[in-house]
Amino acid sequence: MLNELSKDMSEEEINEAQGFFLKSTELEWEFWEQAFYQQDWRFADIIHGGSHHE
């Protein structure tokens with residue numbers, strides 16, 4: 001399916017799409033790793049006004 005959708009894309013567009021895919025898998029991995037180890041989100045300090053919840 002992806003081969004069919006990408007047949008009219010330039011090499012630059014394909015590289016960009018690959019980068020988006022890799023970043024999304026990295027973020028997905030981090031999400032499940034944090035859930036498994038019961039870690040707080042790394043930006044919790046900013047969101048919660050300086051109070052970090054671990």
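One is the number of the first residue; the rest follow in order along the sequence. Not measured: the values here are computed from a predicted model. Values reported hereafter were calculated over all heavy atoms of this structure, with side chains retained and with hydrogens, waters and symmetry mates removed.
Atom CG of residue L22 and atom CG of residue L27 lie 11.0 Å apart, to the nearest 0.5 angstrom.
The shortest heavy-atom contact between E13 and M9 is OE1-CA, 3.3 Å. The minimum heavy-atom distance linking E33 with Q39 is given by the pair O-OE1, 4.5 Å.
Using a 4.5 Å heavy-atom cutoff, the side chains of K7 and N3 are not in contact. Using a 4.5 Å heavy-atom threshold, the side chains of E26 and K23 count as touching.
For E12, the CD atom counts as loosely surrounded, since its 6.0 Å shell holds 12 or fewer non-hydrogen atoms of other residues, nucleotides or ligands.
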